[in-house]
Novice: 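First, the structure itself, so that you have it in front of you.
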Amino acid sequence: MTMAHSKLADTPLSALLRHGEQDFQDRLQQLLIDPDYAITVHQGQAQRRENAYAQLRDLVKELGRASDVATNLPQLFALFDWSAVLATDLIPLISGHFNLASGSLSTLTDTDSAAPYLHDLDDATAIGVMLLTEYGCGSNIGFMQTTATWEDGGFVINTPNPRARKFMPSVGIPVSRVCVVGARFIDSAGVDQGVHLFTARLRVADGSAAPGVSITQLDRQPLVIMDNSVISFDNLRVDRSAWLGGNLATIDDNGVLTWNDEDSQRRSFASAISQLTVGRLALASCLNATARASLYIALKYAVKRTVPLTPAHTTVMADIPHVRDTLLTDLAGTVARTIFGNAIKTSLANSDLTDRDTVVSVMLAKHFIQLHALDTVTHCRIKMGAQGMFSANRVADYIGVCHAAITGEGDCHVLGSVAGRVLARHLAGKVPPQAGLHDPTVTTDRLGLFTARTLTIVQEAQRHLETPDLADRLAVIPEALELAEAYSAEEALQLLHRYEHIPEIAAVRDVFALHYLDQNAAWYLTRGYLDVAAVDNVKQELRAAIDTLADNLPALLESFGLDDEILGAPVLFDDLPGAWDARING
């Protein structure tokens with residue numbers, strides 16, 4: 001399961017950290033800071049939701065057909081990234097409209113069947129979303145209970161019991177809706193053919209619920225501005241053309257489903273949720289973007305924020321050890337994950353989205369990137385003190401985006417544990433190196449230590465993979481999560497080695513590697529890969545590496561492609577009182 005890495009070249013730092021065309025990203029930044037949609041202190045949640053829908057429509061108008069953006073992955077990823085940084089209220093709408101609805105209709109059915117629905121999505125006459133999760137199954141959607149029964153040449157969608165209600169899709173605002181609904185296809189013989197996707201207009205042109213659809217808006221959600229709802233169906237009729245079969249099967253006039261071949265049936269579920277794979281990576285990417293933006297804001301503030309320590313001694317916040325060490329190790333981890341994520345983005349463009357390696361690589365990326373992004377954003381908010389509390393300085397709002405993305409499919413540790421379990425089976429034949437002391441001052445030894453941890457965890461996990469017993473399935477989860485993290489960290493370090501000719505990346509690599517070894521020192525000690533003296537060396541080397549990274553800080557922050565005026569955070573300006581006055585009185 002080797003990730004497809006981009007060809008090594010003398011790539012400038014900013015280009016290495018960017019994915020996609022700069023011109024498109026510059027255009028997005030200008031569109032997303034439209035003052036008509038600026039959030040003010042006078043707006044409540046309802047007004048912000050309405051504004052988000054209006055901004056989405058304007059964005060679609062400016063960018064062109066939603067289906068074109070949805071199927072142009074570099075543009076889609078850029079849209080997620082810059083929306084998360086500059087217009088957080090848009091993220092839930094972008095995910096549903098571009099990725100899950102427009103993307104599914106563009107890839108899982110024929111042009112003629114998709115046309116009437118994409119016509120409305122492409123110009124945002126209707127807003128798209130996907131309905132999968134239910135009270136009963138949560139995000140384990142293979143166990144959903146909603147049914148789509150063949151009847152009179154079409155399908156009838158029903159909610160068989162209260163636990164089968166679709167829980168939390170954003171359809172509360174009364175606007176025209178084109179939705180992709182997951183349901184179990186019950187054929188004309190009454191046979192359950194598993195989970196399939198169907199297109200349905202849940203709200204008609206005037207925004208009212210379609211016949212057979214019941215929509216109840218959920219309670220206030222404090223972290224993200226969303227119109228979450230509970231949805232149930234009572235004989236909702238949809239056309240035969242509404243079936244999104246992914247070209248893997250046919251349904252004849254009698255409602256009989258025929259798979260193209262055995263492989264098609266095996267791939268059907270992965271095909272149905274293929275846009276979730278794209279969406280998982282898009283959400284991981286945009287959380288990494290919030291981490292970069294948070295570090296940019298917090299570190300630029302920290303290098304000029306003076307802190308009086310005694311009547312005779314003053315320093316800057318960036319030189320206080322707990323600020324410096326935390327934010328610079330977060331910076332190294334974020335840059336490493338940016339390069340790691342960009343490599344997966346590049347490989348995804350030419351991948352089969354139903355392929356196991358592709359699906360697992362994205363699961364790994366989600367787990368590896370998103371949890372670190374939340375930690376980074378949280379650290380930045382805390383280190384900024386009172387300044388970090390306010391939306392004007394942006395970082396506080398990123399926390400909500402992180403929580404929403406991480407839990408959008410339930411706790412993302414679930415995906416990490418599934419991916420780790422698959423890895424443990426896939427790598428079972430690889431033998432870890434024999435225990436023996438490594439020298440953490442040597443870069444090749446550091447990579448060897450990463451490999452040793454990955455393969456040792458693989459070996460230790462095998463005892464729980466020998467039986468399907470529930471006890472073993474639960475017992476392997478901690479090791480699966482450790483493996484998901486270890487494997488991804490090793491992949492990221494290998495990428496950093498590829499670009500070590502760039503001084504800033506070499507500095508990132510050293511902090512990233514040494515911080516990882518320091519965090520896992522007890523593990524290496526107990527397995528004989530490091531001794532106490534080597535662990536002490538790791539700490540000394542890490543301090544020196546952080547010093548080197550600090551020297552490279554200006555170039556790294558510049559490479560993020562962020563702009564003080566566009567971000568508008570008061571802490572970015574030298575005259576902090578004046579910046580706050582301008583915002584309050586503006």
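What you see is a predicted model; the values in this text were computed from it and never measured.
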Novice: Check whether any side-chain heavy atom of R184 sits under 4.5 Å from a side-chain heavy atom of Q193, and report yes or no.
Specialist: no
Novice: Indicate yes or no for a side-chain donor-acceptor contact from K166 to the backbone of F233 under 3.5 Å, with no hydrogens or angles considered.
Specialist: no
Novice: Carefully, step by step, assess E466 and R425 under the rule salt bridge (charged side-chain N to carboxylate O under 4.0 Å, His left out).
Specialist: CA-CA 10 Å; E466 295 172 355; R425 291 189 180 280; over 6 Å; no
Novice: To the nearest 0.5 angstrom, please state how far the CG atom of L16 sits from the CG atom of L495.
Specialist: 9.0 Å
Novice: So do the side chains of L281 and F80 get within less than 4.5 Å of each other, counting heavy atoms only?
Specialist: no
Novice: Just so I know, are the side chains of F340 and L496 near enough to count as touching, which here means a heavy-atom distance under 4.5 Å?
Specialist: no
Novice: Establish, yes or no, whether the cationic atom of R240 lies under 6.0 Å from the six-membered ring centre of F155 and within 45° of the ring axis.
Specialist: no
Novice: Are a donor atom and an acceptor atom from the side chains of R356 and H426 found within less than 3.5 Å of each other?
Specialist: yes
Novice: Do side-chain atoms of N520 reach the backbone of W523 as a donor and acceptor pair under 3.5 angstrom?
Specialist: no
Novice: Assess the residue pair I339 and I505 against the criterion (side-chain contact (heavy atoms from CB on, under 4.5 Å)); give the C-alpha distance rounded to whole Å, side-chain angles, the decisive distance to 0.1 Å, and a yes or no.
Specialist: CA-CA 10 Å; I339 295 171; I505 298 302; 3.8 Å; yes
Novice: Looking at every heavy atom in both S170 and M226, which two are closest together, and how far apart are they?
Specialist: OG-CE, 3.2 Å
Novice: Considering only heavy atoms from C-beta outward, does the side chain of V238 approach that of W243 to under 4.5 Å?
Specialist: no
Novice: Begin from the C-alpha positions of V335 and L17 and carry the test side-chain contact (heavy atoms from CB on, under 4.5 Å) through to its verdict.
Specialist: CA-CA 8 Å; V335 172; L17 299 184; 3.9 Å; yes
Novice: In sequence, state the C-alpha distance, the side-chain angles, and the governing distance for V181 and L202, and then conclude on side-chain contact (heavy atoms from CB on, under 4.5 Å).
Specialist: CA-CA 10 Å; V181 180; L202 263 60; 4.2 Å; yes
Novice: To the nearest 0.5 Å, tell me how far K539 NZ sits from D518 CG.
Specialist: 3.5 Å
Novice: Does the side chain of T378 pick up a donor-acceptor pair with the side chain of D375 at under 3.5 Å?
Specialist: no
Novice: Keeping Q462 on the side-chain end and V458 on the backbone end, is there a donor-acceptor pair under 3.5 Å?
Specialist: yes
Novice: State, yes or no, whether a side-chain contact exists between L364 and L423 at a heavy-atom distance under 4.5 Å.
Specialist: yes
Novice: Can you give me the closest heavy-atom contact between T147 and A183, atom names plus distance?
Specialist: C-CB, 3.9 Å
Novice: Treating N260 as the side-chain partner and S264 as the backbone partner, does any N or O pair qualify as donor plus acceptor under 3.5 Å?
Specialist: no
Novice: Looking at G255, is its backbone amide N or carbonyl O close enough to the side chain of D252 to form a donor-acceptor pair, meaning the two atoms are under 3.5 Å apart?
Specialist: yes
Novice: Examine the side chains of S285 and N288 and answer whether a donor and an acceptor come within less than 3.5 Å of each other.
Specialist: no
Novice: Do T88 and S83 make a side-chain contact, defined as non-hydrogen atoms from C-beta onward lying under 4.5 Å apart?
Specialist: no
Novice: To the nearest 0.5 Å, what is the distance between CD (E409) and CG (L283)?
Specialist: 8.0 Å
Novice: Just by distance, do the side chain of Y398 and the backbone of A291 share a donor-acceptor pair under 3.5 Å?
Specialist: no
Novice: Where the side chain of Y524 meets the backbone of L449, is there a donor-acceptor pair that is under 3.5 Å apart?
Specialist: yes
Novice: Parallel, tilted or perpendicular: which one describes the rings of F512 and F450, with boundaries at 30° and 60°?
Specialist: tilted
Novice: Answer yes or no: is there a donor N or O on one side and an acceptor on the other, between the side chain of N254 and the main chain of V256, under 3.5 Å?
Specialist: no
Novice: Against C412, only a single residue in M363, K366, R280 fulfils side chain to side chain contact (heavy atoms under 4.5 Å, CB included); can you say which?
Specialist: K366
Novice: Is E262 salt-bridged to R267, going by a charged N under 4.0 Å from an acidic O?
Specialist: no
Novice: Would you compute the distance between atom CG of L108 and atom CG of L248 and round it to the nearest 0.5 angstrom?
Specialist: 8.5 Å
Novice: Going by heavy atoms in the side chains, are L525 and V532 under 4.5 Å from each other?
Specialist: yes
Novice: So, R381 side chain and V377 main chain: donor-acceptor pair closer than 3.5 Å or not?
Specialist: no
Novice: Scan side-chain atoms only and decide if T454 and E490 contain a donor-acceptor pair under the 3.5 Å cut-off.
Specialist: yes
Novice: If you measure from the Lys or Arg side-chain nitrogens to the Asp or Glu carboxylate oxygens, is any gap between R165 and E134 under 4.0 Å?
Specialist: no
Novice: For residues 326-335, pull every pair meeting side chain to side chain donor-acceptor pair (under 3.5 Å), keeping only residues two or more places apart or in separate chains.
Specialist: D330-H379
Novice: Measure the spacing between CG of L287 and CG of L374 and express it to the nearest 0.5 Å.
Specialist: 8.5 Å
Novice: Go through the steps for T467 and D472 under the test side chain to side chain donor-acceptor pair (under 3.5 Å), then give the verdict.
Specialist: CA-CA 7 Å; T467 72; D472 280 314; 2.8 Å; yes
Novice: Taking the six-membered ring for Trp, are Y529 and H438 parallel (under 30°), tilted (30 to 60°) or perpendicular (over 60°)?
Specialist: perpendicular
Novice: Is the backbone of A452 close enough, under 3.5 Å, to the side chain of T456 for a donor and an acceptor to pair up by distance?
Specialist: yes
Novice: Please lay out, stage by stage, how I273 and V195 fare under the test side-chain contact (heavy atoms from CB on, under 4.5 Å).
Specialist: CA-CA 10 Å; I273 64 169; V195 173; over 6 Å; no
Novice: Decide salt bridge (charged side-chain N to carboxylate O under 4.0 Å, His left out) for K345 and D81; before the verdict, give the C-alpha distance in whole Å, the side-chain angles of both, and the deciding distance to 0.1 Å.
Specialist: CA-CA 13 Å; K345 288 180 193 175; D81 285 5; 3.8 Å; yes
Novice: Tell me the closest heavy-atom pair linking P74 and G20, and the distance in Å.
Specialist: CB-CA, 4.1 Å
Novice: Set out, in order, the CA-CA distance, both residues' side-chain angles and the distance that settles salt bridge (charged side-chain N to carboxylate O under 4.0 Å, His left out) for R509 and E504, then state yes or no.
Specialist: CA-CA 9 Å; R509 176 203 60 193; E504 296 85 358; over 6 Å; no
Novice: With no hydrogens and no angle check, just 3.5 Å: does a side-chain donor-acceptor pair link R292 and T338?
Specialist: yes
Novice: Looking only at heavy atoms, which two atoms of L76 and A70 are closest? And how far apart?
Specialist: CD2-O, 3.8 Å
Novice: If we only count heavy atoms from C-beta on, is the V278 to L100 side-chain gap below 4.5 Å?
Specialist: no
Novice: Check the side chains of Y516 and R453 for a donor-acceptor pair under 3.5 angstrom, ignoring hydrogens and angles.
Specialist: yes
Novice: Nearest heavy-atom pair of S274 and S271: which atoms, and what distance?
Specialist: OG-O, 2.9 Å
Novice: Minimum heavy-atom separation for L131 to C179, with atom names?
Specialist: CD1-CB, 3.8 Å
Novice: Name all residues meeting the side-chain contact (heavy atoms from CB on, under 4.5 Å) criterion together with V69; count only those two or more places apart in sequence or in a different chain, and write none if there are none.
Specialist: L63, Q75, L79, F98
Novice: Would you compute the distance between atom CG of D510 and atom CD1 of I546 and round it to the nearest 0.5 angstrom?
Specialist: 11.5 Å
